[in-house]
Every structure is written in C-alpha cells, then in structure tokens.
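Both ligands and their constituent atoms are indexed starting at 1 by order of listing.
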Amino acid sequence: MTPLDGLAWANRFASLGPDFFTELPAQGLPDPHWVARSPACAEMLGWPAEWPQWPTALDVFAGNAAWPGMRPLAGVYSGHQFGVWAGQLGDGRALWLGEVDSPAGPQELQIKGGGLTPYSRRGDGRAVLRSSIREFLCSEAMAALGVPTTRALCITGSRLPVIRESVETAAIVTRVAPSFVRFGHFEHFAHHQQLDALRRLTDWFIAHHAPECADAPEPAVALLRKVALQTADLIAHWQAVGFCHGVMNTDNMSMLGLTLDYGPFGFMDGFDPGHVCNHSDDRGRYAYARQPAVAFWNLHALAQALLPLLPIDSEKDTEASTERLLEAVEAYRERFAGQMLGRMRAKLGLDGEQQGDQALADDFLKLMAASRADFTLSFRRLSRALSTPEPLRDLFIDREALDAWLARWRARTAPDAEARMLAVNPAVVLRNHLAEGAIRAARDGDFTEIERLLKVLGRPFDEPALPGDAALPPDWAQALEVSCSS
Ligand code: AMP
Ligand code: MG
C-alpha cells in the first residue's frame with residue numbers, strides 16, 4: 001500500500017458533465033524541479049510533511065503525471081472584464097486535477113500553468129516563475145492574516161522559456177480551495193441561454209457548497225444573498241489590510257467569497273484611497289477605494305445571470321423576480337458597512353460601539369491619506385501609541401492634526417487595547433518589494449528566500465526577526481510595476 005491509496009478522491013465537479021469542462025491531460029514542464037512548498041497548506045489537507053516524496057509527486061505537480069483518482073479537466077466560464085462583457089473565457093491555463101477529501105472537507109486541487117486548453121484563446125497556457133511566486137506567497141500570507149482565500153500547496157519550475165515582456169521561465173503553482181466556481185460560471189450559461197445547464201450548476205452548487213439555501217422558497221435568491229454577504233465580508237477584510245486585488249473582473253470573483261486569481265495585486269504602502277495596483281488598469285476601475293463598489297457591481301452581474309431561474313414568463317413576473325434578486329444583492333451594503341466598521345473598531349482598539357466611531361476611523365484614514373502614511377505601519381504603530389506615540393508621529397506630516405486626533409482616540413480607547421490591536425494590525429504583509437526579493441533570488445536558483453518569507457508571512461502579527469520585513473519599502477521599490485502580464 002502506498003500513501004496515495006489513502007487519498008480519497010471525490011471529483012464532484014466532474015459529475016456536472018461535459019457542458020462544463022473538457023477533460024484533458026496537462027502539458028507538463030520539462031525536467032521540473034521543486035521551487036516551494038507550503039507546510040501550512042499540506043497540513044490543512046491533512047498530508048504528512050513528507051508528501052513531496054510520495055511516488056511521482058514532483059511530476060504530478062509539474063503536470064507530467066496524475067495520481068490514481070485524479071481527473072484533469074479545464075472548466076468553461078465567461079465574464080465581465082473591466083466592466084465590459086468579455087464572452088467566453090475559461091481555464092486557459094489552469095487545470096483542475098481533482099477533489100480530495102481532507103480534515104477541512106473536500107478540497108479541489110488546481111495547477112496553473114499546465115499548458116494549452118480549449119479555453120486558452122491567444123494565451124500560451126503557461127505561467128511564469130515571477131507570478132507563480134507572487135500567487136504562492138500571497139495566498140498563504142492572506143490565509144495567515146485570516147482573509148478568505150484559495151490556498152497554495154507548491155510551485156514547480158523548469159528552464160522552459162516563456163515569452164512575456166522579456167523571456168522568463170515557466171512554473172506551475174498548485175492551488176487549493178473547496179471550490180473554484182466563479183460568478184463567471186453562472187454568467188456563461190445564462191449568456192448562452194443554456195438554462196438547463198444553468199439550473200444544474202445552481203442546484204449542484206447549492207447541494208455541495210450552500211446546502212442551507214436548498215430549502216428556501218427560491219434557492220437561487222437565497223444563494224445570491226449568501227454570496228452577497230460572503231463577498232461583503234471578504235471586501236471588508238481586504239480594505240482593512242490595505243489589499244488591492246487589481247483585476248476584480250466577474251470571472252475572478254469566487255462563489256465562496258474567497259480571494260481568487262492573484263495577478264497584479266498589491267498591499268498599499270503609503271495610503272492613497274485612489275491607489276491602483278495594476279499598471280494595466282489605466283482608468284483606475286479597480287482602485288483601492290472602488291473595490292467595495294466594484295464587488296457590488298459584480299454581484300449585479302451574478303443576479304442578472306440567475307434571473308432566468310426565476311419566473312420571467314410575463315413582464316410582471318420578470319419585474320417581481322428582478323426585485324427579489326436586487327433585494328438579495330442589496331444585503332451586501334449593510335453587511336459591508338457593518339463589517340468594515342467592526343474591523344476599524346478592532347484596528348483602533350475600540351471596545352463596544354459608540355456613535356462617533358465611524359468618524360474617528362474616517363478621520364484617521366484622512367490623516368493617513370494626507371501624509372501618504374504607510375498603511376500597515378500606521379495601524380501597527382498606532383497599536384503601541386498609548387505608551388509610545390513617537391514612531392507613529394514620524395509617519396505623519398501634520399503632527400498637530402495627528403495629536404488632536406490621538407487625544408480623541410485616547411479618550412475613546414481602552415487602556416489595555418495594545419495587545420488586542422497588535423493581534424489584528426499585522427506587522428508584515430507581502431509588500432511588492434518583499435516578493436521581488438524572493439523572485440530575484442529564485443531566478444538565480446536560490447529558493448531559500450521564498451521559504452524564509454513564507455515563514456515570516458505565516459506569523460504576520462509577530463514582529464519579524466529581520467526588521468526590514470516590517471519596515472517602510474526601500475527607495476528602489478518605487479520603480480516596481482505590476483501588470484496583468486503573468
Ligand atoms: P485573468 O484575468 O488572469 O484571471 O485571466 C483571464 C482569462 O485569460 C482566463 O480565462 C485565463 O485562463 C486566461 N489566461 C490568462 N493568461 C493566460 C495564458 N498565459 N494562457 C492561456 N490563458 C490565459
Ligand atoms: Mg482569472
């Protein structure tokens with residue numbers, strides 16, 4: 001008996017049938033090597049530390065082999081990109097390997113960068129080492145921050161050249177989630193008027209991932225409401241850690257409210273509500289401050305896709321059905337506002353709820369914006385400002401205004417707030433320059449910096465051993481640009 005015999009594959013998505021995917025093997029990486037593995041993700045799966053030594057593990061996660069029970073397939077979906085209907089997209093370079101049982105429930109495994117699929121369009125089916133390292137590190141960093149996210153198990157690499165703005169090398173990141181179903185899956189079948197498939201997908205998703213919606217008078221409406229609430233929680237979490245996704249297209253929106261498809265994401269350094277992390281987003285559609293509204297817009301696209309599942313035989317029916325879907329989406333607003341205020345109260349160390357809390361939080365953010373004060377450091381240093389305000393004051397230009405705000409804050413906050421604040425205001429986030437350091441070393445064949453960063457990012461609320469990991473970005477980081485190229 002090999003350890004692989006102990007893995008139980010469920011593959012429930014595959015039961016949906018051929019309307020939803022194409023089964024095909026990966027085009028693997030030639031002569032692959034390990035780049036990185038996440039012990040925390042393996043632990044979540046219930047796999048022992050020696051899993052990389054399981055038979056053919058390297059080849060499986062480099063796309064050159066499959067374990068018994070795996071069923072590689074590429075899914076089809078569509079979506080709105082930058083607010084415009086983009087038509088059919090799909091897993092152009094991701095391949096669903098299968099769904100394995102774990103102590104955390106069934107988990108789907110996907111490799112990203114495993115070659116061409118019927119949905120590759122003009123792409124080459126590959127992912128480069130650079131973007132794979134960024135996705136790997138950020139997935140695990142977000143999980144450690146407590147932000148809902150897809151996880152990353154490992155990266156494999158190869159010398160295979162891949163052409164982007166320059167010639168880079170290929171890699172495959174393996175990601176893990178209870179489901180990779182996106183808003184765009186529903187949009188796809190609605191747009192193509194495949195109502196039977198749309199209904200099957202909805203029933204399937206509810207049965208396996210939202211069973212509490214099954215008994216609602218209108219399960220599709222209940223599902224939409226659930227997704228709206230989960231999305232609100234997710235975006236509030238992003239805003240509270242200064243995370244910008246970069247490409248909030250509807251095909252990158254998870255039906256489980258997970259952070260999905262890490263591309264040109266970024267954690268803000270100096271606070272600027274208009275910050276746009278994606279160099280390709282020239283209109284700033286996905287700027288930090290717009291993320292909450294964009295998620296709301298995306299939920300409307302999902303509502304539109306679900307409409308055909310409700311009575312629409314007459315104009316009156318259609319109007320009433322639309323009304324019920326809009327009401328479900330509307331739940332997002334109140335939930336987001338409540339979650340956001342709750343997170344800000346925790347970040348500021350405020351006990352209980354008082355009238356002026358929103359204004360107190362808003363005023364701190366305004367002061368931060370006026371000084372372009374570092375987002376992560378402002379909250380981290382505020383956590384210690386009851387006893388040592390100087391390091392915080394150093395981040396601000398208008399110190400008088402800050403002192404006036406601090407006086408209001410002191411009057412409102414509990415004297416023992418420090419420990420609680422340090423537990424919610426991270427010391428370390430994956431700043432672009434940290435990822436860049438790991439990428440540059442990896443290109444030279446040194447993967448130790450990835451491993452080191454993974455450990456540091458796994459304990460984001462602890463002061464790191466190297467002060468540089470929690471410090472302001474160095475000057476050279478200003479020149480870093482991230483784009484959709486990956
Ligand atoms: P993204 O905005 O990165 O989430 O990708 C949008 C769409 O483009 C998805 O359908 C991806 O699968 C596809 N895609 C992105 N990069 C590639 C690539 N290099 N090869 C094939 N398809 C790709
Ligand atoms: Mg995507």
Side-chain angles (χ1 to χ4, degrees), residues 20-22 24 26-29 63 72-97 108 110-136 138-139 149-150 152 158 160-175 177 179-189 191 244-256 258-266 276-282 285-286 291 294-295 298 301-302 482-486:
F20 295 83
F21 53 79
T22 304
L24 79 168
Q27 293 159 318
L29 300 179
L73 56 88
V76 65
Y77 53 80
S78 295
H80 284 85
Q81 296 185 319
F82 292 89
V84 178
W85 178 247
Q88 183 190 300
L89 304 165
D91 294 326
R93 57 175 168 171
L95 212 60
W96 192 90
L97 292 183
E108 297 179 357
Q110 260 196 3
I111 55 172
K112 185 166 168 184
L116 293 171
T117 78
Y119 318 110
S120 299
R121 298 180 296 153
R122 289 175 303 282
D124 57 5
R126 294 296 177 198
V128 295
L129 181 64
R130 163 179 55 86
S131 63
S132 304
I133 292 172
R134 281 171 50 84
E135 170 146 14
F136 175 83
C138 200
S139 305
T149 178
T150 62
S158 156
L160 181 73
V162 176
I163 298 171
R164 295 292 181 260
E165 278 84 1
S166 61
V167 180
E168 303 188 45
T169 59
I172 289 182
V173 59
T174 296
R175 47 189 190 179
S179 170
F180 286 94
V181 172
R182 304 145 188 269
F183 291 11
H185 279 94
F186 292 81
E187 291 180 275
H188 179 78
F189 296 103
H191 180 82
C244 302
H245 181 281
V247 207
M248 288 177 68
N249 295 335
T250 55
D251 53 301
N252 292 337
M253 296 291 293
S254 153
M255 284 294 289
L256 291 179
L258 307 173
T259 313
L260 173 65
D261 278 12
Y262 289 89
F265 67 83
V276 181
C277 64
N278 177 358
H279 193 66
S280 320
D281 181 6
D282 42 23
R285 178 177 174 87
Y286 300 138
Q291 294 188 128
V294 167
N298 289 343
L302 179 61
V482 289
S483 69
C484 280
S485 155
S486 60

| query | What's the shortest distance from atom 5 (O) of ligand 1 to any protein heavy atom, and which residue and atom give it? | reply | Asp251 OD2, 4.7 Å
| Do you see a donor-acceptor pair shorter than 3.5 Å between the side chains of Gln291 and His245? | no
| Under 3.5 Å donor-acceptor, Arg93 side chain and Ser120 backbone | no
| remark: The atoms of ligand 1 lying under 4.0 Å from a heavy atom of Gly123, numbered in the order shown, are 18 (C), 20 (N), 21 (C)
| query | So Phe82 and Tyr286, would you call those rings parallel, tilted or perpendicular, with 30° and 60° as cut-offs? | reply | tilted
| task | Go through ligand 1 atom by atom and flag the ones less than 4.0 Å from a non-hydrogen atom of Gly125. | result | 18 (C), 19 (N), 20 (N), 21 (C)
| Heavy atom of the protein closest to atom 12 (O) of ligand 1 (residue, atom name, distance) | Gly92 N, 2.8 Å
| Where ligand 1 meets Arg164 - atom numbers and elements under 4.0 angstrom, heavy-atom basis | 19 (N)
| Which atom of Asn298 lies closest to which atom of Thr250, heavy atoms considered | OD1-CG2, 3.4 Å
| request: Among all protein heavy atoms, pick out the one at the shortest distance from atom 19 (N) of ligand 1; state its residue, atom name and that distance to 0.1 Å. | output: Asp124 OD1, 3.0 Å
| Quick check: does Asp261 get an N/O under 3.5 Å from an N/O on ligand 1? | yes
| said: Quick check: closest heavy atoms across Gly114 and Arg126, and the distance to 0.1 Å? | reply: C-NH1, 3.8 Å
| query | How does Arg122 reach ligand 1, if at all, at less than 4.0 Å between non-hydrogen atoms: by side chain, backbone, both, or neither? | reply | neither
| said: Side chains of Tyr262 and Ser486 only: does a donor on one sit below 3.5 Å from an acceptor on the other? | reply: no
| remark: The protein heavy atom nearest to atom 10 (O) of ligand 1 is Gly90 O, 2.6 Å
| note | Checking Met255, Arg175, His185 against Phe180 for side-chain contact (heavy atoms from CB on, under 4.5 Å), the one that qualifies is Arg175
| note | CG of Asn278 to OG of Ser485, rounded to nearest 0.5 Å, is 10.5 Å
| Got the closest protein heavy atom to atom 2 (O) of ligand 1, with its distance? | Asn252 ND2, 3.8 Å
| said: I'd like to check which ligand 1 atoms, numbered from 1 as shown, lie under 4.0 Å from a non-hydrogen atom of Tyr77. | reply: 9 (C), 10 (O)
| Looking only at heavy atoms, which two atoms of Ala170 and Leu29 are closest? And how far apart? | CB-CD2, 3.8 Å
| said: Can you confirm whether or not the ring centre of Phe183 sits under 6.0 Å from the ring centre of Tyr77? | reply: no
| query | Which atom, among the N/O/S set of Asp261, is closest to the Mg ion (ligand 2)? | reply | OD2
| query | Which heavy atom of the protein is the closest neighbour of atom 8 (O) of ligand 1, given with residue, atom name and distance? | reply | Arg121 NH2, 2.9 Å
| message | Show the atoms of ligand 1 that are less than 4.0 angstrom away from any heavy atom in Gln81. | response | 6 (C)
| field | N/O/S from Asn252 sitting under 2.8 Å away from the Mg ion (ligand 2) | value | yes
| atom 3 (O) of ligand 1: the protein heavy-atom neighbour that sits closest, reported with distance to 0.1 Å | Arg93 NH2, 4.1 Å
